[in-house]
Amino acid sequence: MDIEVMGQYEIVLEAFSNLSNTGWMPFVTIYRGRSGSRRSICVVQRQRVETNLPAHSREQAIEAARAFAAQRIGNGRL
């Protein structure tokens, strides 16, 4: 699990290998504010990020989750 900050948002990036161990599945959770703060608001519940191509490594899956979060934050679709 990786935690990153983008502006006023805290992003939790996760990657898990699929059941057949042939790829990695990216997941993302986005908070407005810090997740440990009482004023924090979860704006995107933990969800799987759909990708066109399967991620062949944990790093690729984390990058896909990061790109998804950046796109959502950049578009203001939260």
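All residue numbers in this chain count up from 1 along the given sequence.
I62 and F16 fall into different hydrophobic clusters, where Ile, Leu, Val, Met, Phe, Trp and Tyr are joined by side-chain heavy atoms under 4.5 Å apart, directly or via other members.
Side-chain atoms of E4 and L13, non-hydrogen and from C-beta on, do get closer than 4.5 Å to each other. Counting heavy atoms from C-beta outward, F27 and V12 have side chains that stay 4.5 Å or more apart. No side-chain heavy atom of M1 sits less than 4.5 Å from a side-chain heavy atom of T29.
Taking both residues in full, the closest heavy atoms of R72 and Q47 are given as NH1-NE2, 4.1 Å, listed atom of the first, atom of the second, then distance. Minimum heavy-atom separation, P54 to Q60: O-OE1, 4.4 Å. Among all heavy-atom pairs drawn from E10 and G33, the shortest one is CB-O, 3.4 Å. For the pair V49 and A65, the tightest heavy-atom approach, listed with the atom from each and the gap, is CG2-CA, 4.1 Å. Minimum interatomic distance between A64 and T51 (heavy atoms only, all atoms of both residues): CB-CG2, 3.8 Å.
Taking CZ of F68 as the reference point, atom CD1 of I30 lies at 6.5 Å (rounded to 0.5 Å). Distance check: E50 CD to M25 CE gives 10.5 Å after rounding to the nearest 0.5 Å. With rounding to the nearest 0.5 Å, the separation of CH2 in W24 from CD in E14 is 12.0 Å. Rounded to the nearest 0.5 Å, atoms OH (Y9) and CZ (R32) are 4.5 Å apart.
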